[in-house]
There are 2 protein chains.
Amino acid sequence: MTGEFEIDGSGFLPLREVVYDALRKAILKEKLKPGERLMENTIALKLGVSRTPVREAIRMLADEGLVVLIPRRGAQVAQISRQELLDVLEIRESLDGLAVVLCCQRITPEQEELLDEAERAFRDSIGKSIAEIAEKDIVFHDAIYTASGNRKLVQILNNLREQMYRFRLEYLKQIRDFDEVADEHGKITAAIHAKDIQAAVSCIREHIEKQIETIGRTLPE
Amino acid sequence: MTGEFEIDGSGFLPLREVVYDALRKAILKEKLKPGERLMENTIALKLGVSRTPVREAIRMLADEGLVVLIPRRGAQVAQISRQELLDVLEIRESLDGLAVVLCCQRITPEQEELLDEAERAFRDSIGKSIAEIAEKDIVFHDAIYTASGNRKLVQILNNLREQMYRFRLEYLKQIRDFDEVADEHGKITAAIHAKDIQAAVSCIREHIEKQIETIGRTLPE
DNA sequence: GATCTGTATTTTGTATACAATTATTATATT
DNA sequence: AATATAATAATTGTATACAAAATACAGATC
């Protein structure tokens with residue numbers, strides 16, 4: 001092993017990743033609006049790449065649920081309905097429940113520390129930007145997911161979160177009292193430390209149900 | 001609207017679908033063994049198509065979890081470990097539970113009939129080929145999933161089933177008494193008809209837990 | 001005037017060609 | 001003989017070209 005220059009490092013992402021990021025951001029920021037068609041050629045020209053990586057990026061987005069593919073007709077930005085969002089939350093309530101159960105049974109001391117850290121970080125983020133609060137919230141929940149010791153579960157829950165992403169900022173803006181959310185996080189954390197499965201499950205379910213309520217108010221069909 | 005002839009119907013599948021089916025079957029039948037590399041060129045030549053549809057098919061299989069993608073090094077048949085399988089079953093136990101809860105709350109009379117039909121069909125399949133039993137089992141569980149009224153849930157559960165597919169036949173061969181399985185299906189069905197959520201959930205969880213046990217015995221790490 | 005049909009255009013599906021990276025082999029050096 | 005290095009081959013990533021299908025539009029027919 002000679003010099004090991006990090007030639008690549010942060011630098012060379014595959015083009016498909018670059019295109020993916022660009023499209024994803026555009027969709028999340030609603031620069032590409034739901035229902036809008038994504039034409040390979042147009043996007044390729046706009047980004048200065050060929051159609052191939054664009055195609056692959058679009059398919060990645062389709063897996064994530066951000067775009068829908070119509071055979072022989074291309075792709076368009078997914079029109080996520082209120083119903084779909086509620087469906088996702090219904091599943092999250094169940095799987096977040098599973099996650100805390102497993103978490104109580106399997107969490108390691110190091111993971112308990114990470115969880116505490118994440119909980120504090122969320123509390124500290126209150127008052128800062130919505131984006132920052134959102135990020136810390138993700139970290140907190142991710143700490144629980146990871147501590148469940150079930151990799152597939154982590155993957156599914158992350159995917160479900162991604163599908164809600166577009167509405168997340170909107171949703172967070174609706175929340176009046178973030179301290180209340182932080183308290184919920186605190187209760188969940190405490191229950192996990194105490195290995196109190198019952199308490200942990202009911203706390204997390206309540207946590208999600210509040211989200212369902214808020215969504216219900218925010219997005220009237 | 002004139003005649004509505006189903007001209008297409010069975011006919012023209014996109015090549016990527018053809019390749020996908022071919023590879024999928026090969027993996028499930030273990031003609032392509034876990035760990036084996038999938039080289040685009042080789043497959044393309046073998047199937048008489050170009051690399052483009054092969055690439056897309058491989059990526060579809062990656063979504064399904066049947067192959068893993070290694071950047072700049074191609075794909076290989078996924079090596080599903082005992083742990084992964086148990087992880088999947090852990091999630092299924094939770095989500096099948098959610099499915100029957102929702103099913104009790106939302107099932108329509110027509111769906112109740114379909115459920116009964118599926119339950120009978122499974123019972124009738126006992127003694128026939130393992131493949132047939134497997135198929136009827138899928139139909140039964142699918143009837144429950146569909147009746148949950150949560151599309152995303154149906155999609156996730158189908159995906160989880162697909163990930164177990166390779167082990168399914170092996171697993172079914174282990175089962176001594178299919179009548180017992182049929183009885184479990186019967187209890188679940190009855191609980192759903194009675195809208196007895198508690199009974200339905202405990203029946204389905206027990207049903208899955210038996211699978212976990214069997215897998216535990218079948219695949220010793 | 002409405003509808004059908006044929007043509008032109010756009011767009012996706014597929015094939016192929018080229019570039020960049022990784023794996024392999026052979027050679028040289030110690 | 002073992003290791004390092006250089007040359008070569010194999011393989012993925014990307015671009016481009018061509019084919020087939022879908023769409024849009026214009027003109028013809030009733």
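Lettering follows sequence order; numbering is per chain, from 1. This is a predicted model, so every value here is computed, not measured.
At least one donor-acceptor pair under 3.5 Å links the side chain of A/Glu36 to the backbone N or O of A/Lys33. B/Ser94 contributes no side-chain N or O that, together with a main-chain N or O of B/Ile91, makes up a donor-acceptor pair within less than 3.5 Å. Using modelled atom types, no side-chain atom of B/Arg37 and backbone atom of B/Gln76 make a donor-acceptor pair closer than 3.5 Å. Side-chain atoms of A/Arg106 come within 3.5 Å of backbone N or O of A/Ser148 as a donor-acceptor pair.
When the P atom of D/dT12 is taken as reference, atom CG of B/Asn41 falls 8 Å away, rounded to whole Å. The nearest whole Å value for the distance from the CG atom in B/Leu45 to the C1' atom in D/dA10 is 13 Å. Following rounding to the nearest Å, A/Leu38 (CG) and C/dT12 (P) show an atom-to-atom distance of 9 Å. Rounded to whole angstrom, the span from the CG atom of B/Leu47 across to the P atom of C/dG13 amounts to 19 Å. The distance from atom CD of B/Gln76 to atom P of D/dT12 is 11 Å, rounded to the nearest whole Å. Rounded to whole Å, atom P of D/dT14 lies 15 Å from atom CD of A/Glu40. Between the CZ atom of A/Arg37 and the P atom of C/dT10 there is a distance of 13 Å, rounded to whole Å. When the C1' atom of C/dT10 is taken as reference, atom CD1 of A/Ile43 falls 15 Å away, rounded to whole Å.
Counting only heavy atoms from C-beta outward, the side chains of A/Leu160 and B/Ile156 approach each other to under 4.5 Å.
A salt bridge does not link B/Arg166 to B/Glu84: none of the charged nitrogens lies less than 4.0 Å from a carboxylate oxygen.
When the nearest nucleotides of DNA chain D are assigned to B/Met39 and A/Ser50 by heavy-atom distance, the more 5′-ward of the two goes with B/Met39.
Residue contacts shown for B/Arg55 include a base, since a base heavy atom lies under 4.0 Å away. Among the atoms of the strands shown, base atoms are found under 4.0 Å from some heavy atom of B/Arg51.
Distance from the side chain of A/Val49 is smallest to D/dA15 among D/dG13, C/dT14, D/dA15.
In this structure, A/Phe178 and A/Phe122 have perpendicular ring planes: the angle between them is above 60°, well past the 30° mark.
The stretch residues 58-74 of chain A touches DNA chain C through A/Arg59, A/Arg72, A/Arg73, A/Gly74, each having a heavy atom within less than 4.0 Å of the strand.
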